[in-house]
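Computed from a predicted model, the values in this text were never measured in an experiment. The chains referred to below are lettered A, B, ... by the order of the sequence lines, with proteins before strands, and numbering in each begins at 1.
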Number of protein chains: 2
Amino acid sequence: MLQLTKRTEYGLIALVHMVDRRGDFVSAREISETYQVPRRLLAEVLKDLAKHALVDSQRGATGGYCLVRPAEEITVGEVVAALEGAPKLAGCETLEASRAGGECDLEPSCPIRSPLQRIREGIWRQMQRTTLRSLVEPVFHITNLKHVDPESTLI
Amino acid sequence: MLQLTKRTEYGLIALVHMVDRRGDFVSAREISETYQVPRRLLAEVLKDLAKHALVDSQRGATGGYCLVRPAEEITVGEVVAALEGAPKLAGCETLEASRAGGECDLEPSCPIRSPLQRIREGIWRQMQRTTLRSLVEPVFHITNLKHVDPESTLI
DNA sequence: TCGATTGGGCACCAATCTGGTGCTAATTGA
DNA sequence: TCAATTAGCACCAGATTGGTGCCCAATCGA
């Protein structure tokens, strides 16, 4: 259905919540109560983000999570990749790299290269260009990229 | 998993196959054999496309399907909407329209408007700007939209 | 007229994904 | 020690997805 999962949604909400609060650790409970998100599931998500080195985690009474890098350096693409795995651009692209030039017999519609593949690539590129910062302050995204037609920005 | 369905993939493949062949009807069998796609499923997809007036269908021995409009006028967004339903931009957006101005209590993270919503909107806009033609000849898309940074085109 | 070929409708299925929960252990500050 | 927190693992019900079976309806050519 072309949709990101709830996991990703919760992850992004949590990350946005932590923007510009580096240093102090925010607990999963605080986030879950603030945005009415299932705590256990959110914890699962944050754990994954920690595994992928997008957040630091600390146990104990005053523990919690905080961003590892500034919001300008974290892309939506990274978050999605961490929480649902990088979109498999299977077929041609991957084969291209591995066997350099041979015909592709795995992807049946290869000669044309499946339209869906191309669309997925496009979406993927967009997400890799969209930072956490631009989610917090959309204006940032547009004003800092004047040469890009605002109409065509992801957000 | 942020992915379009196989149905959509098959639909796009079929539509691309029919580009610039208005007039003669292409059978589901021909397409399925050309691209090694399950015939019955493809038929189901084409039926939906016909229902949404994206293709004409004709029964009988020499029947099949053909595009209703030229490839420049059919957008990927339309195809996706036909085959998997328009992405529900639930919550704020829809409520905004219906009750004009009240607080949104359905979408918990509403005050911030869920980051995921925004991303979804961006993707959706992109798909609505991407035509079938640009899937056939990517060059078309870029050269005809010179004011858009090529980096930011969907395809 | 008859048969072959095509799309249309409906039901159905197995596998997978998704959202979510329970429980217990380990860590840490007060 | 106690309370709060993250970590790990298993588990579950429901929805979605990809795909198939079967028969009917239309249409064309012989």
Side-chain angles (χ1 to χ4, degrees), chain A residues 1-14 18 24-66 68 80 82-85 87-88 90 108-109 114 116, chain B residues 1-14 18 24-33 35-66 68 80 83-85 87-88 90 108-109 114 116:
Chain A
M1 249 213 301
L2 183 66
Q3 64 180 13
L4 293 159
T5 64
K6 283 285 179 189
R7 287 173 56 85
T8 301
E9 173 155 31
Y10 297 157
L12 287 171
I13 289 175
M18 292 185 277
D24 67 324
F25 285 75
V26 185
S27 71
R29 159 173 268 117
E30 174 183 326
I31 299 175
S32 82
E33 286 174 354
T34 304
Y35 304 100
Q36 301 287 24
V37 159
R39 186 179 356 155
R40 287 281 294 98
L41 186 50
L42 177 64
E44 211 74 19
V45 169
L46 285 165
K47 189 208 313 173
D48 286 352
L49 291 177
K51 258 183 203 156
H52 286 80
L54 286 168
V55 299
D56 260 346
S57 69
Q58 196 164 48
R59 293 185 176 186
T62 60
Y65 306 86
C66 74
V68 172
V80 172
L83 294 180
E84 29 193 300
K88 4 177 180 151
S109 53
S114 163
L116 188 130
Chain B
M1 253 212 298
L2 184 67
Q3 64 180 14
L4 292 160
T5 64
K6 283 284 178 188
R7 286 173 56 86
T8 301
E9 172 155 30
Y10 297 158
L12 287 171
I13 289 175
M18 291 186 278
D24 67 321
F25 285 74
V26 185
S27 72
R29 158 172 270 119
E30 174 183 326
I31 299 174
S32 82
E33 286 174 355
Y35 304 100
Q36 302 287 22
V37 159
R39 190 186 344 163
R40 287 280 294 99
L41 185 51
L42 178 64
E44 212 75 18
V45 169
L46 285 164
K47 190 211 309 174
D48 286 352
L49 291 177
K51 258 184 203 156
H52 287 80
L54 285 169
V55 299
D56 261 346
S57 70
Q58 195 163 49
R59 293 186 175 186
T62 60
Y65 306 85
C66 74
V68 171
V80 172
L83 294 181
E84 29 192 297
K88 3 179 180 147
S109 54
S114 163
L116 188 130

Report summary line: With sequence neighbours left out, the residues meeting side-chain hydrogen bond (donor to acceptor under 3.5 Å, both in side chains) with B:Thr8 are B:Thr5, B:Glu84
Query raised in the report: B:Glu33: what forms a side-chain contact (heavy atoms from CB on, under 4.5 Å) with it, not counting sequence neighbours?
Result: B:Arg29
Query raised in the report: What's the spacing between A:Glu9 CD and A:Leu42 CG if we round to 0.5 Å?
Result: 11.5 Å
Requested in this report: From the options D:dG18, C:dG7, D:dG19, select the nucleotide whose nearest atom is closest to the side chain of B:Ala28.
Outcome: C:dG7
Query raised in the report: If only side-chain N and O atoms of A:Arg29 are considered, is one of them under 4.0 Å from the OP1 or OP2 phosphate oxygen of D:dT5?
Result: yes
Query raised in the report: Could you state the CG-C1' distance from B:Leu4 to D:dT16, rounded to the nearest angstrom?
Result: 15 Å
Query raised in the report: For B:Met18 and C:dG7, what is the distance between atoms CE and C1' respectively, to the nearest whole Å?
Result: 13 Å
Report, one pair per line, the protein and nucleotides 12-14 of chain D atoms (nitrogen or oxygen only) whose separation is under 3.5 Å.
none

Requested in this report: For B:Lys6 and D:dG19, give me the distance from atom NZ to atom P, rounded to whole Å.
Outcome: 7 Å
Query raised in the report: To the nearest Å, how far apart are A:Gln3 CD and C:dG19 C1'?
Result: 12 Å
Query raised in the report: So which of residues 44-52 of chain A are in contact with DNA chain C, with a heavy-atom cut-off of under 4.0 Å?
Result: none
Query - Steps toward side-chain contact (heavy atoms from CB on, under 4.5 Å) verdict (A:Val37, A:Ile31) - result: CA-CA 8 Å; A:Val37 159; A:Ile31 299 175; 5.9 Å; no
Query - Separation of atom CZ in A:Arg39 from atom P in D:dA7, rounded to whole Å - result: 15 Å
Report task. Using a cut-off of strictly less than 4.0 Å, decide whether A:Tyr10 has a side-chain nitrogen or oxygen near OP1 or OP2 of C:dG20. Result -> yes
Requested in this report: Carefully, step by step, assess B:Met18 and B:Leu46 under the rule side-chain contact (heavy atoms from CB on, under 4.5 Å).
Outcome: CA-CA 12 Å; B:Met18 291 186 278; B:Leu46 285 164; 4.2 Å; yes
Please write out each protein N/O paired with an N/O of nucleotides 27-30 of chain D under 3.5 Å, distance rounded to 0.1 Å.
unit_1, atom_1, unit_2, atom_2, d
D:dT27, O2, B:Ala61, N, 3.2

Query - Closest non-hydrogen atom pair, B:Phe25 against B:Gly64 - result: CD2-O, 3.3 Å
Query raised in the report: How far apart are the C-alpha atoms of B:Tyr65 and B:Leu49, what are their side-chain angles, what is the distance that settles it, and do they pass the side-chain contact (heavy atoms from CB on, under 4.5 Å) test?
Result: CA-CA 10 Å; B:Tyr65 306 85; B:Leu49 291 177; over 6 Å; no
Query raised in the report: With a 4.0 Å cut-off on heavy atoms, is A:Tyr65 in touch with a base, just the backbone sugar-phosphate, or nothing at all?
Result: sugar-phosphate
Report task. Starting from P on D:dT6, measure out to CG on A:Leu42 and report it in whole angstrom. Result -> 9 Å
Query raised in the report: Would one find a side-chain N or O of B:Ser57 under 4.0 angstrom from OP1 or OP2 of C:dG8?
Result: yes
Requested in this report: Nearest 0.5 Å please: distance from the CG atom of B:Leu83 over to the CG atom of B:Leu4.
Outcome: 10.0 Å
Query - Protein-nucleotide distance (A:Leu41, atom CG; D:dA7, atom C1'), rounded to Å - result: 15 Å
Requested in this report: Can you tell me which residue pairs pass the side chain to side chain donor-acceptor pair (under 3.5 Å) test with a partner in residues 46-58 of chain A, sequence neighbours excluded?
Outcome: A:Arg7-A:Asp48, A:Glu44-A:Lys47
Query raised in the report: Taking CZ from A:Arg7 and P from C:dT21, how many angstroms apart are they, rounded to a whole number?
Result: 14 Å
